[in-house]
Structure formats: C-alpha cells, structure tokens
Number of protein chains: 4
Amino acid sequence: MVKEMTIQDAFQSVMATRGDVPPKQQRVLAASLVLFAEQGFSNTTTKQIAARAGVAEGTVYRRYKTKDELLAAVLAPFVSGVLPSLIGDFANNIVKRDYLTRHDLIAAVIQDRLHFIQENRDVLQVLLTEFLVRSDVREQLIPQVMPLLQHNLYPVLDRLKTNGELIDWPDDRIAQFMIGTMMSQLVRGVLADEEVESVGPIMIAFIEKGLAPE
Amino acid sequence: MVKEMTIQDAFQSVMATRGDVPPKQQRVLAASLVLFAEQGFSNTTTKQIAARAGVAEGTVYRRYKTKDELLAAVLAPFVSGVLPSLIGDFANNIVKRDYLTRHDLIAAVIQDRLHFIQENRDVLQVLLTEFLVRSDVREQLIPQVMPLLQHNLYPVLDRLKTNGELIDWPDDRIAQFMIGTMMSQLVRGVLADEEVESVGPIMIAFIEKGLAPE
Amino acid sequence: MVKEMTIQDAFQSVMATRGDVPPKQQRVLAASLVLFAEQGFSNTTTKQIAARAGVAEGTVYRRYKTKDELLAAVLAPFVSGVLPSLIGDFANNIVKRDYLTRHDLIAAVIQDRLHFIQENRDVLQVLLTEFLVRSDVREQLIPQVMPLLQHNLYPVLDRLKTNGELIDWPDDRIAQFMIGTMMSQLVRGVLADEEVESVGPIMIAFIEKGLAPE
Amino acid sequence: MVKEMTIQDAFQSVMATRGDVPPKQQRVLAASLVLFAEQGFSNTTTKQIAARAGVAEGTVYRRYKTKDELLAAVLAPFVSGVLPSLIGDFANNIVKRDYLTRHDLIAAVIQDRLHFIQENRDVLQVLLTEFLVRSDVREQLIPQVMPLLQHNLYPVLDRLKTNGELIDWPDDRIAQFMIGTMMSQLVRGVLADEEVESVGPIMIAFIEKGLAPE
DNA sequence: GATGAATGAGCGTTCATTCAT
DNA sequence: AATGAATGAACGCTCATTCAT
C-alpha cells in the first residue's frame, strides 16, 4: 500500500516548474480549466475565460499567445509533470518489493489513482474529451504515457504473471481494463459527484478478481 | 452554439419527421456522423459537411433547421431506435431462460455489444464526447437509457444475485463496470483499429471473473 | 507617336482574365481601391470596405480570404496585366521604327503614361505607398517590372544612344529620371487634381532636353 | 488611429517641449524613425519601438502622449528645423550672388540636397509615405514648405528666368521636376543603397539641361 | 522617472443561417 | 427541392494606452 503518495507533492513541484506565475495568470488557468471541463474547449470563448477569471480579455493573452496554448498550459503539467512523477513514484515503491501480490498491485494502483481522479476530475475530463477529438492532444499524450506504462507498469505485470499472481494476458490489455474501469468512474462523476471512498474497495475487488489467473 | 432550441426539442422534431429521408439528406447525415466523430461536433463546419456530402450548404438546412438538430438527427435513431431494440432484444432472449448462468449473461451482453461497438464506433464516439461536454445531450440520453437498464438489465442482475451467480454489488455499479470495460475498447479504437474478435473472449473472461461472487 | 494606345484595351483584357467577377465583389474591389488610396492599406478596415461597397463584412471574404489577398487582387491586374501589355505594346510600336528620334521616344513614353497615370492614380498611389513600406509588394513588383524594362525599354535606349540621339548614361539611370519625373506628377495629384493635358508638353520638353547628348 | 488629437496639435506640444530631451527619449525617437521607415507608421507597434529602444513600453509614453505624437516628434525637427534652415541657408548663399548661372543654382540645390537626402533617407521616406496616406501630415507639411519655396526658391528662379538662364515655365512646375528627380533617388534607395557621389553630377546635368531655355 | 502588467476597443476572420434564384 | 451568395453576430486576437508599483 503506497501511502507515501505524492499527488500533492507532484502538483507542487509542477507548479514550481511553472516558475512564479502571477496571480492573474493563475486565475486565467483555473478559469480555463473549469470552463473547458464544463463545456469543452471549443465551446468556451476567451471572453468567458476572462470574465470567469475576473480579468480583461487581453490579459488572457499575456502569457499564452493562443487559445490552443492555453489548453496545452492546462494539460501539460499533468501530462508531463503529475502523471510521470506519479507513475514513477508508484514504480519505485512497488517494483522493489520482493514479494508482491496481485492485491498489493491492484490496491496500490487503484487506491491512489482514485483519489487522483477525484481530485483532478476537471483536467482528466478535459484530457479525455480532447483526446477523443484532437489529434494534436493525442500526439502529445501518447508518447508521454506509453513509455511510462511500458517501463513502470509492464515489468511489474510481467513479474506477477511469472509468479502466477496474474492471468497471462497481454500487458496492454490488462492496462486497458484497469484504465477503462477507472475511466468509468470519471464518466460517472459527470453525472453525479460521488465520494470515492465508497467505490475503492469494490473497484479493487472487481479488477483483482477479473485479473486473477484461471 | 446551443441557442433557444435544445437538443430535446430538436430530438422531438427529428422523431416526428422520420421515415422518408431522401438520399441527399442521408448523405448529409452520413457525412455529419463521420466528421463529428473525426473532429468533434464543434470543430466541424456546415461547409465541411456539405462538401463531404456532395451537396450545397443550403441543402444541409432543408430538413434540419440548425446544426444542433443535425447532431440530434445523427444520435436520435441510435439512442431511441438502435439502443432500445438492442436491449429489448437482449432482455427477451435472456430474461426468459430458466437457468441463466453468469457466463450466459456476460457472454450475451459483451459479445453482442462488442460487434455493436465496432459497427457503431462513430456514433458511440460522438455520443461519448458530446455526453461529456454538452448537458443537453446528457439530459437527452440519461432518461432514455436509465429506464432501459432498470427495466431490462437490473432485474436480470437481481435474479443472478439471488441465484448466487453474481456478486452482491449495487446494480448500477455492476453496470458501470460492464459499460466501462466496453468503453475502454471504444477509446482504444481511437488509437488504432482492432478486430473485435480477438478481444471478445478476454473481455468476457475479465468481466465474468470480476463479477463472480466471493 | 503611338496613338494605337491600349490602356483601355489592356484593362479590358485584364478584367476578362478575372473571369466573371460578380457585381458585389467588383464593388468590394472598387471600394478597397478607393479606400486604400485615400487612407493607405493599414489604415483601412474591412468594415469600412464593406460599408463603402454596400455589402456585409462577410461578403468581403467570399472571394478574398484575407485582407492581404484583397490588396494583391487590387494591384495584381495592374502589375501583371496592364503594365506588361502597355509596355509590350509600346515596344512593338516603337522598336520597329527605322528612324527613331529622341523626341519620338520620350513623347511616346510620356504622353501615353501620363494618361495612364491620370486614369489610374488610385492604383498607382497604392502601389507607390505600399511599395515603400511592404517588402512583399516590392518582391511582387520588381521581378515583374525589371525584365519588362530590360527587354523593352533598354534596347531602344541603347539604339538611340548609338545613333547619337540620347546621352550616354546607364539605362537604369535614364529610366529613373523618366519614371521619377512622372512620379512627381502622381504625388502632385495628391495635393490637387490637375488636367494632364497641360503638363504633357512641358514634361516631354523637360525630359527630352535633359536626356539630350552633350 | 487619428483621434481627437491631430498631428498639428501634437506638433505644437512637441515643439513646445523640445530642447532637453533625455537620452531614453532620444533612443525612442531614433527607434521610431528606423521602424517607421522600415515598415511604415501603421505597421509599427509601440512594443517594437520599446524593444528597439531598449526601454519599457510605458517609457515610450512618458513624453509623447500618443503614437501620433511620436510621429510628429520624429518629423517635427526635420520639417520645422532642418528643412527651413537648409532652404534659408541656400537662399542666403545663392540669392546674393550678382552673377548667378543656372548651373550655379542647380548645382547648389542638388549637390547639397543629395547629401541631405542620403543622410535623412529615413525621415524623408517616412515623410513621403505618410504624406501620401495621411491628410493631417499633408496639412502639416504643405503650409510649412510652400512658403519656404515661395520666399526662397521662386524669387531666384524668377531672376534666372529674367536673365535668360532658365526656361520660362511656372515656378511650381520647375520645383516639381527638381523635387521629383531627387525623390526618384529616394525611391531607388529603397531598392538598394547607393553612394550618392556617383549620382550627383549626372543628376545635375539632367536637371540643368532639362531646365535650359530653348 | 521608469516599468511592464493590465486594459478593452476594435481589428481581421469565421461560420451558422437565410433566401433569391 | 436544391443551390450558393450573402449575411452579421461573434469569435480569437492585437495593440495603443493607462497606472500601480
């Protein structure tokens, strides 16, 4: 059970990477994120963003030269900051354990990531939506995430398979089921907010059993 | 974008005027679907639709008074036609069986639905994307789909639970996991086309085991 | 004295090249030309053009995708149509004469061109102004005009120099003085309209004497 | 662009506050001049000016309240300082001579002015361009320059005409040809830099012969 | 005095929608 | 029914100008 969890830490360090973004620009980013999540990127106008952030429209463009850049600025810290540090952290804590059960893995993955999903529903929703619709987002995301999975998750899966702890399916399929099940929680969150605590154990049980060897 | 006419209104009028869709309008619908799936609804212009359909821009508006109505017309037959008949069919075939195993259920659901997903990837992708982004689509979809599940799927689940064939989780959670797992295949399809045949057995096994009683 | 003058003819043929430009687009072009001449390209808004042309702002963009393209559309027929056919015509009529005096040349050049300047003051003023300020206009104009001069005017000058009819200065310098003197009439026209008839003889005399051999 | 404050007003206030221009403002003026000449007034942003001058954007506005005033400040010293003193000088030196030949006049005018053109190409180019495009610049320039010509140049021309040294054309026409010929050198300079030394004698010869009596 | 972040009017441009043909 | 030129509201974005520091 990885309790040295670092979502907050990761986020902090990402924010630090951003340099000292002045407060108005922070408000622009925050407003963009909320509106993109609520209405989608294309349906959000820069006027709305400015109004929500309480700044003039020109201010939106001080740091970000285009609306597309604003989308990138909203997603980038997650894609290239939070996500990697999260997965890297996870790998460091999990991979090293000598005796790793399926339950250990699933629980670690799901538990952490559910909190992550809950706390970052907005970004993730924007990410999912634009991923489905914008090839540039796909091309930004895939080369970031795929290697992470391949280097951090797949070796662990392979070890578990060798140990008879995990069913012998292709790694990408196992990842698909894990991610898909968590994604379902994201979509469900669009309908109604839900405390993540109640879902965790059930979801862990579902995936753990689903991936047990025959 | 969303003006006075909500998608619901549009939906009504679409439903009212179906049946005798002339070929040019069919081409408009087909072009809209493809483009909406490729680029999203908001990023698609009526000019693109007209060009792809091989008609004049004005022709797009002969039957569908607004672009929103076009979206409704693309989704409507699916949401209120294909989906219900599918679930109804399923219910008729499954519910009546005296002895129903978990495998029977899952296999029936998944197998059919996977072909369904493959053949309707475009609509489903549009549906998923706009569902995440447009509240009017959500408000159109939910009251259509929820009762279907409640009346057709949930009783079956309850029967299986009673028979000890299924784990005793809330129906909506079980539905969430089933739908989520299938949805993962939809998202995966955005990355690369994949023959559905290869996934079916694995996915059935995953869900079947995941939902087995303790 | 080249009286088979073809300014009108040239313009007609250029207009024909334009295909059948619909009347509203003609009005847009005309309005653009007048406003560009009056206020300069940068100081003219598309709103002004639309208002002057009596069309909606969107109509300005039906044929010309950008304001820059509008400038090109206003200048292009002159630069690549009227000008060449004018110079070509001139060359055909002048070069062939066995015995050509300096006066014949200058009179032919100036007389025709003064009418040309008067009738096309707007375009020429735009051309001069933007030539001074926009490198893209320069790069469009120079490769069009320089070869014309080199192939049509310079040989004639050389023949006259050989015959002792013309002072032995470099061709480009002679062209500079001729063009500069005519240009002065263009600039003068900005201050006050003036009938060209009165200037012609004086200007011809000035240039003719100025270019006489020692 | 041109709001309530016309260039005239600006001009007045510029004139009133001259004398003690601090170095940063000098740099702003210099940067403005270069950029206006390179790209034209309208195509130059205050940001570019600030960057080129190495100052903050706000500093540009410390002394000059508007961009129009900056244009006025760039042109003012030239129009009301350099130009008059130049013509005045010339008049003082030329007019007093008892025996003045056409050559003396032309040579004096052209020789001096060619160096002047070369050294002030930037201002002159801005002046010419904006003269063609901005009526307020025209209205500023004309009442400054016309009297200068009328009081200093025209009497000399008249005296030469009386002496049979100069052709009997209207003074303004003679001035037009002289200025036009020099202007041609300015336009030529836009295409390629050229040492003025080589042009001088030829240009003097051209004008001198062109203006000789019959 | 100098700075540069902030402003917002207004620009060029797009595009859903209309309508004369 | 079908066309596509025309419309104009509204978009993303620019930039002259202001002002708190």
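Computation of the quantities below employed the complete heavy-atom set of this structure, encompassing side-chain atoms and omitting hydrogens, waters and symmetry-equivalent molecules.
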**OP:** At under 4.0 Å between heavy atoms, which parts of nucleotides 1-8 of chain E does protein reach? Answer with one letter per nucleotide, 5' to 3': B base, S sugar-phosphate only, - none.
**Re:** SBBBBBBB
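E:dC15 atom C1' lies 14 Å from atom CG of A:N43, rounded to whole Å. Straight-line distance from the CD atom of D:Q48 to the P atom of F:dA16: 9 Å, rounded to whole Å. Atoms NZ (B:K67) and P (E:dT18) sit 15 Å apart, rounded to a whole Å. F:dG12 atom C1' lies 13 Å from atom CD of A:E69, rounded to whole Å. Counting to the nearest Å, the P atom of E:dT13 and the NZ atom of B:K47 are 15 Å from each other. In this structure, the CG atom of C:L70 is 13 Å from the C1' atom of E:dT13, given to the nearest Å. For the pair B:Y64 OH and E:dA16 C1', the interatomic distance rounds to 17 Å; values are reported in whole Å. Rounded to an integer number of Å, the gap from A:F36 CZ to F:dG12 C1' is 12 Å.
For A:T46, the side-chain hydrogen bond (donor to acceptor under 3.5 Å, both in side chains) criterion is met by A:E57, not counting sequence neighbours. Scored by the side-chain hydrogen bond (donor to acceptor under 3.5 Å, both in side chains) test, A:R134 finds A:D68, A:D136 as partners (sequence neighbours excluded).
Partner of B:E38 under the side chain to side chain donor-acceptor pair (under 3.5 Å) criterion, chosen from B:R52, B:Q48, B:Q125: B:R52. A side-chain contact (heavy atoms from CB on, under 4.5 Å) with A:V74 is found for one member of A:V34, A:L127, A:L33, A:D122 and no other, namely A:L33.
Across all strands shown, the partner of E:dA9 is F:dT14, judged by Watson-Crick or G-U wobble contacts whose two distances both fall under 3.5 Å. Nucleotide E:dC15: paired with F:dG8 (Watson-Crick or G-U wobble, both distances less than 3.5 Å). With both pairing distances under 3.5 Å, E:dT21 is matched to F:dA2 as a Watson-Crick or G-U wobble pair.
Mapping A:D68 and D:Y61 onto DNA chain F via the closest heavy atom, the residue that lands nearer the 5' end is A:D68.
With hydrogens and angles ignored, the 3.5 Å screen pairs a side-chain donor or acceptor of C:K67 with a backbone N or O of C:T44. Looking at C:S32, its side chain does come within 3.5 Å of a backbone N or O of C:V28 through a donor-acceptor pair. Judged purely by atom type and a 3.5 angstrom limit, A:Q39 has no side-chain atom pairing as donor or acceptor with the backbone of B:V133.
Backbone-only contact: C:T44 has heavy atoms under 4.0 Å from sugar-phosphate atoms and none from a base.
Residue A:T46 has a polar side-chain atom (N or O) positioned under 4.0 Å from OP1 or OP2 of F:dG12. Considering only side-chain N and O atoms, B:T45 lies nowhere under 4.0 angstrom from the phosphate OP1 or OP2 of E:dC15.
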